[in-house]
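Worth knowing before you read on, the calculation uses all heavy atoms, side chains too, and leaves out hydrogens, waters and symmetry mates. Just so it is clear, the structure is predicted and the values come from calculations on it, not from any experiment. Letters A, B, ... mirror the listed sequences (proteins, then strands); counts begin at 1.
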Protein chains: 2
Amino acid sequence: MQDPRINDKREDILDIAERLFAEQGFEAVSVREISREAEINIAMISYYFGSKEKLYEEIIKRKLISYKELKQGVNAFDTELEKLMFVAATVTQAFFKNRNFQKIIFREMSLNQRTHMADYLIEHMHQNFQFITDIVKRGIRKKEFKPVEVELTVMSLFAIIRMYTTSGTMICKITNKNSVEDVYDEKQRLRLIKFLRDLFTAHLLPQ
Amino acid sequence: MQDPRINDKREDILDIAERLFAEQGFEAVSVREISREAEINIAMISYYFGSKEKLYEEIIKRKLISYKELKQGVNAFDTELEKLMFVAATVTQAFFKNRNFQKIIFREMSLNQRTHMADYLIEHMHQNFQFITDIVKRGIRKKEFKPVEVELTVMSLFAIIRMYTTSGTMICKITNKNSVEDVYDEKQRLRLIKFLRDLFTAHLLPQ
DNA sequence: CAAATTTAATTAAACGTTTGTTTAATTCGC
DNA sequence: GCGAATTAAACAAACGTTTAATTAAATTTG
């Protein structure tokens with residue numbers, strides 16, 4: 001908490017390294033490449049973060065969503081469907097905003113490397129899951145929802161948002177967009193949210 | 001095509017390397033680890049495959065589904081919904097059977113490494129996408145389906161199967177299974193297929 | 001306030017490992 | 001005894017990290 005510019009520089013390194021890790025994966029990115037891109041001496045990475053792996057862990061932990069606001073946010077809604085749709089919109093927004101980060105997270109969770117990190121992420125994800133699962137279960141109990149497969153339903157919600165978020169080049173090709181950026185503009189975000197609303201409304205509501 | 005045992009040994013190496021690449025990612029696996037696990041001399045990898053990267057490419061290309069059978073298979077069905085469900089079941093089966101392979105594929109597609117390989121995979125995936133997209137479009141034209149967002153619908157189908165296939169430890173935890181293997185037994189496969197049927201039936205059919 | 005001193009930030013160079021690949025010698029099957 | 005399969009050893013290059021020296025900034029002192 002000294003010179004604020006020092007923390008700025010630290011944040012710069014974190015941002016640049018995050019991008020590189022998202023593009024290439026942890027092992028494929030060398031500390032030399034990070035230092036080159038961030039225009040710092042290679043020794044500064046050990047100096048700031050201790051090691052390449054600790055830098056990686058800091059990148060991950062700094063952005064893990066605190067679902068506190070989300071949990072408070074849902075209270076504003078009456079029906080479980082509206083709560084669920086609020087969650088879908090919030091998660092979509094967060095994923096759109098931090099696409100590089102999400103790439104790292106989901107790649108890390110699919111690896112058997114750095115198992116303590118994977119365990120940590122799975123535990124975090126599990127809690128979010130549980131929170132949304134409870135909404136759906138409550139909806140079923142109140143007969144607002146059909147008696148669907150709860151776990152698969154919630155998993156599907158994440159799966160769709162995740163795939164859209166992390167498969168930019170693929171979706172770019174499918175939807176005949178010129179640039180990957182076009183896949184993630186405001187219009188497309190709202191389009192995805194509307195789609196999720198339609199899909200899960202048909203799936204959950206009776207008739 | 002000489003001594004069949006030689007090809008067996010080659011296949012062994014491909015299988016073992018596939019597992020390692022799926023677990024750890026391309027860069028994290030060393031040729032020494034592959035040779036140790038396969039109980040061969042390290043030089044044999046260059047001897048058989050030329051290089052680590054060519055070994056990797058061979059692992060990928062040998063299992064890319066030929067969608068010929070799939071395209072012929074759908075002809076046995078009358079309605080577009082039944083065709084789509086046949087595709088869903090077939091893809092699920094294939095993904096369940098080759099989980100390690102699918103992990104590699106989707107990780108590779110999310111990386112900006114080995115861009116020619118990623119481009120190749122995206123092109124392949126695009127064709128499969130197109131095939132399924134056509135089914136949905138035909139269903140809409142015939143008024144068998146509601147006028148849904150076609151691309152997002154097809155993407156969702158893949159997204160769900162993919163997430164289920166590649167997030168074993170996660171799903172294991174959510175569903176309170178003891179072992180990851182339990183997530184991928186016959187019963188669970190049928191459960192997932194039934195879920196997909198319910199979800200997309202509600203999404204696609206009028207009312 | 002300026003000089004002296006301490007602390008922090010930054011650097012170039014070197015460290016010991018590990019990497020993928022190659023070489024040259026040897027073993028094997030026919 | 002000849003060609004293919006297999007081996008141990010060596011290769012240069014790249015890796016993450018550390019060192020020791022230097023510059024910059026902050027603090028203390030007279």
Side-chain angles (χ1 to χ4, degrees), chain A residues 1-60 104 107-108 111-117, chain B residues 1-60 104 107-108 111-117:
Chain A
M1 308 304 154
Q2 323 178 22
D3 187 341
R5 282 170 302 170
I6 289 172
N7 289 323
D8 283 359
K9 195 73 211 169
R10 255 185 76 99
E11 288 296 314
D12 279 355
I13 297 170
L14 287 166
D15 289 339
I16 287 165
E18 182 188 87
R19 198 195 78 234
L20 293 172
F21 285 139
E23 288 171 352
Q24 308 179 43
F26 178 76
E27 282 83 5
V29 178
S30 69
V31 292
R32 280 170 179 80
E33 185 172 3
I34 298 171
S35 68
R36 201 186 315 122
E37 293 271 317
E39 294 176 312
I40 52 163
N41 187 278
I42 185 177
M44 295 306 289
I45 287 171
S46 295
Y47 183 76
Y48 273 143
F49 304 100
S51 69
K52 182 189 175 186
E53 188 149 349
K54 284 179 187 164
L55 162 63
Y56 191 63
E57 289 182 7
E58 189 160 333
I59 288 173
I60 290 178
I104 293 173
R107 198 179 295 140
E108 196 63 28
L111 291 170
N112 290 21
Q113 296 277 91
R114 299 171 286 281
T115 40
H116 70 285
M117 176 86 315
Chain B
M1 305 306 155
Q2 323 178 24
D3 186 342
R5 281 170 302 170
I6 290 172
N7 287 323
D8 283 0
K9 196 72 210 170
R10 255 185 77 99
E11 287 296 314
D12 279 355
I13 298 170
L14 287 166
D15 290 339
I16 288 165
E18 182 187 87
R19 199 196 76 233
L20 293 172
F21 285 139
E23 288 172 352
Q24 309 177 43
F26 178 77
E27 282 83 6
V29 178
S30 68
V31 291
R32 279 169 181 80
E33 185 173 4
I34 298 170
S35 68
R36 202 185 317 122
E37 295 270 318
E39 295 177 308
I40 52 161
N41 187 278
I42 185 177
M44 294 307 288
I45 287 172
S46 294
Y47 183 76
Y48 274 141
F49 304 99
S51 69
K52 183 189 176 188
E53 188 148 347
K54 283 181 187 162
L55 162 63
Y56 191 64
E57 289 181 6
E58 190 160 333
I59 288 172
I60 290 178
I104 292 173
R107 199 179 295 138
E108 196 62 29
L111 292 169
N112 290 20
Q113 297 276 91
R114 297 172 287 281
T115 39
H116 69 287
M117 176 88 304

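- Look at CZ on A:F49: it is 13 Å from P on C:dA9, rounded to the nearest Å.
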For DNA chain C, produce a single dot-bracket line, 5' to 3'. Pairs: Watson-Crick or G-U wobble, both distances under 3.5 Å. Symbols: ( ) within strand, [ ] crossing, | other strand, . unpaired. ||||||||||||||||||||||||||||||
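- Remark: P of C:dG20 and CZ of B:R114 are 12 Å apart, rounded to the nearest angstrom.
- Atoms NZ and CZ, from B:K52 and B:F21 in turn, are 5.5 Å apart once rounded to the nearest 0.5 Å.
- One distance of note links CG of A:L55 with CZ of A:R10; it measures 9.0 Å at 0.5 Å rounding.
- Note that CD1 of B:I34 and CZ of B:R32 are 11.5 Å apart. Values are rounded to the nearest 0.5 Å.
- One finds the CD atom of B:E58 at 13.5 Å from the CD atom of B:E53 (value rounded to the nearest 0.5 Å).
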Return a table of donor-acceptor pairs under 3.5 angstrom between the side chains of residues 37-44 of chain A and protein atoms on other chains or two or more places apart.
from, atom 1, to, atom 2, distance (Å)
A:E37, OE1, A:R19, NH2, 2.9
A:N41, OD1, A:A43, N, 2.9

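- The side-chain heavy atoms of B:I104 and B:F26, taken from C-beta on, include no pair separated by under 4.5 Å.
- The CD1-C1' distance, from B:I40 to D:dA5, rounds to 12 Å in whole Å.
- Annotation: the span from A:I60 atom CD1 to A:L14 atom CG amounts to 11.5 Å, rounded to 0.5 Å.
- In this structure, the separation between CD on B:E27 and CD on A:Q113 is 11.0 Å, given to the nearest 0.5 Å.
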Give me the distances for all protein-to-nucleotides 14-18 of chain D N/O pairs that come in under 3.5 Å?
from, atom 1, to, atom 2, distance (Å)
D:dG16, OP1, A:V29, O, 3.4
D:dG16, OP1, A:K52, NZ, 2.8
D:dG16, OP2, A:V31, N, 3.0
D:dG16, N7, A:R32, NH1, 2.8
D:dG16, O6, A:R32, NH2, 3.0
D:dT17, OP2, A:K52, N, 2.9

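- The NZ atom of A:K9 sits 12 Å away from the C1' atom of C:dT10 (whole-angstrom rounding).
- Separating the CZ atom of B:R10 from the P atom of D:dT6 is a distance of 12 Å, rounded to the nearest angstrom.
- Applying the 4.0 Å criterion to OP1 and OP2 of D:dA5, one finds that B:Y48 has every side-chain N and O outside that range.
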